[in-house]
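When reading the values below, keep in mind they use all heavy atoms of this one structure, side chains included, and skip hydrogens, waters and symmetry mates. Per chain, numbering begins at 1; letters A, B, ... match sequence-line order.
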Amino acid sequence: MVKEINFNSEMHIQHRWDLTPKEATQLQNKLASHISLEDTGQRFTTVAGIDVSYTLSENKAHAAIVVCAMDTLDIIEEQTAAMPITFPYIPGLLSFREVPVILKACNKLSIFPHLLVCDGQGIAHPRRLGLACHLGLYLDKPAIGVAKKRLTGAHRQLGIHKGNWTYLKAGDEKIGIVFRSRKKVKPIYISPGHKISMNRALSLIRRMHTVYRLPQPIRYAHRLANESKGII
DNA sequence: GCGACAG
DNA sequence: ATCTTGTCGC
């Protein structure tokens, strides 16, 4: 039974992370009811790309956060953090493996970004609580999930041209957008994490693309996460 | 029971 | 994700 959901002084949700897979699943169902898919109307001038890499030989997870200017995508700040891996990889429970080390890196930020872009799903998740939802909810910040593969849901055939997109659906429910960011290249899966709408999530992610498959903040974070393994 | 399955 | 080199295609 998971009943340890608390609120800190700023009324942000908090809870333990050392849960069993069964407890984690139950917690996701409770947390999902707190996710907001409404736009806050806030102007996003800074965006953070977030990614985690692993060193299995050392059993460590390395998180990287790269804060960029939303208009130019120039890098403003970078932070990393490492932590022992304590939760197994189980499809659907990724956030319990990655959020703790991401939070550790977030605590080092001198200026907190307006928007978080995670390498993983948002609501395009079996219980509508992917990594981006969990992180956004825990930090009470707008967040978007950008995944390289589908976790759940179905969609119609996608056109091969850059910019083509279609909804990812679970029955009649729209849970994400399958987006072709490059011609003839595998699409990416965009879904709202928290405090953002489906349309704005797509609009924002589109603006973060240059000539690569993944949005720049994610690419930067991926590179940094790998670099940090050699330094630490 | 079988197939699917983010990173 | 990670373990790993060169190689095929636009």
Side-chain angles (χ1 to χ4, degrees), chain A residues 17 21-22 24-25 27-28 31-32 35 48-66 80-105 116-138 143-155 160-162 168-171 175-194 201 205 211-215 217-230 232:
Chain A
W17 291 96
K22 183 176 181 179
T25 299
L27 177 58
Q28 288 183 323
L31 294 178
I35 291 299
I50 300 172
D51 191 29
V52 176
S53 64
Y54 301 88
T55 50
L56 300 183
S57 61
E58 296 181 75
N59 195 47
K60 290 259 182 123
H62 293 253
I65 302 178
V66 177
T80 62
M83 200 178 264
I85 299 171
T86 58
F87 199 91
Y89 171 68
I90 299 173
L93 297 180
L94 180 64
S95 62
F96 288 89
R97 184 175 168 86
E98 302 197 338
V99 171
V101 69
I102 290 174
L103 292 176
K104 185 176 180 180
L116 308 173
V117 177
C118 303
D119 188 336
Q121 315 290 350
I123 61 171
H125 176 280
R127 292 167 292 282
R128 309 294 177 265
L129 199 89
L131 173 62
C133 297
H134 206 157
L135 183 64
L137 185 64
Y138 208 83
I144 300 173
V146 176
K148 299 181 290 297
K149 294 178 180 177
R150 183 193 67 86
L151 172 60
T152 190
H155 64 88
I160 65 171
H161 300 293
K162 174 174 180 168
L168 178 64
K169 302 174 71 175
I175 59 175
I177 286 173
V178 187
F179 179 65
R180 188 86 68 184
S181 54
R182 289 196 63 183
K183 183 179 181 180
K184 297 183 180 178
V185 170
K186 288 194 308 178
I188 58 176
Y189 300 78
I190 303 168
S191 58
H194 186 44
I205 293 301
V211 299
Y212 304 101
R213 179 165 86 117
L214 297 175
I218 291 285
R219 296 184 68 251
Y220 290 144
H222 193 280
R223 174 178 57 64
L224 180 59
N226 278 124
E227 290 177 352
S228 73
K229 291 189 297 187
I232 300 178

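- Checking the phosphate oxygens (OP1, OP2) of dC10(C), no side-chain nitrogen or oxygen of Lys183(A) falls inside 4.0 Å.
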query = Which is it for Tyr89(A) and Glu98(A) under the side chain to side chain donor-acceptor pair (under 3.5 Å) test, yes or no, and what are the steps along the way?
reply = CA-CA 10 Å; Tyr89(A) 171 68; Glu98(A) 302 197 338; over 6 Å; no
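- Figure legend: cation-pi geometry between Arg219(A) and Tyr212(A), with NZ or CZ positioned under 6.0 Å from the six-membered ring centre and within 45° of its axis.
- Residue Lys149(A) places none of its side-chain N or O atoms closer than 4.0 Å to OP1 or OP2 of dA4(B).
- dA1(C) has no stacking from Tyr89(A) on its base ring, since the centres under 5.5 angstrom apart and planes within 30 degrees of parallel are not both found.
- Comparing dG7(B), dC5(B), dT2(C) against the side chain of Asn226(A) picks out dT2(C) as the nearest.
- A side-chain donor-acceptor contact under 3.5 Å links Lys104(A) to the backbone of Ala82(A).
- Rounded to whole angstrom, the span from the CG atom of Leu214(A) across to the P atom of dA6(B) amounts to 16 Å.
- Relative to the six-membered ring of Phe179(A), Arg213(A) misses at least one condition, a distance below 6.0 Å or an angle of at most 45° to the axis.
- Salt bridge annotation for Asp119(A)-Lys148(A): present, with a cationic side-chain nitrogen under 4.0 angstrom from a carboxylate oxygen.
- Here the nucleotide nearest the side chain of Arg150(A), chosen from dA4(B), dA6(B), dG7(B), is dA4(B).
- Across the protein-nucleic acid pair, Leu94(A) atom CG and dG7(B) atom P stand 8 Å apart, rounded to whole Å.
- In this structure, Phe96(A) places its CZ atom 19 Å from C1' of dA1(C), rounding to the nearest Å.
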ask   = Dot-bracket for DNA chain B: what is it, with Watson-Crick or G-U pairs under 3.5 Å, [ ] where a pair crosses earlier ones, and | for a pair to another strand?
value = .......
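- The side chain of Glu98(A) sits closest to dG7(B) out of dT2(C), dA6(B), dG7(B).
- Between the CG atom of Leu151(A) and the P atom of dA1(C) there is a distance of 15 Å, given to the nearest Å.
- Going from atom CZ of Arg127(A) over to atom P of dA6(B) covers 13 Å, rounded to whole Å.
- Atoms CZ (Arg97(A)) and C1' (dA1(C)) sit 7 Å apart, rounded to a whole Å.
- Not one side-chain nitrogen or oxygen of Lys184(A) sits closer than 4.0 Å to the OP1 or OP2 atom of dG9(C).
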message = Using side-chain contact (heavy atoms from CB on, under 4.5 Å), reason through Lys162(A) and Ser181(A) one step at a time and then give a plain yes or no.
response = CA-CA 5 Å; Lys162(A) 174 174 180 168; Ser181(A) 54; over 6 Å; no
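- Distance, Ile160(A) CD1 to dC10(C) P: 12 Å, rounded to whole Å.
- Summarising the geometry, the separation between OH on Tyr189(A) and C1' on dC5(B) is reported as 13 Å, rounded to the nearest angstrom.
- Gly92(A) comes within 4.0 angstrom of a nucleotide base, judged by non-hydrogen atoms across all strands.
- Counting non-hydrogen atoms under 4.0 angstrom, Leu129(A) reaches nothing in the nucleic acid.
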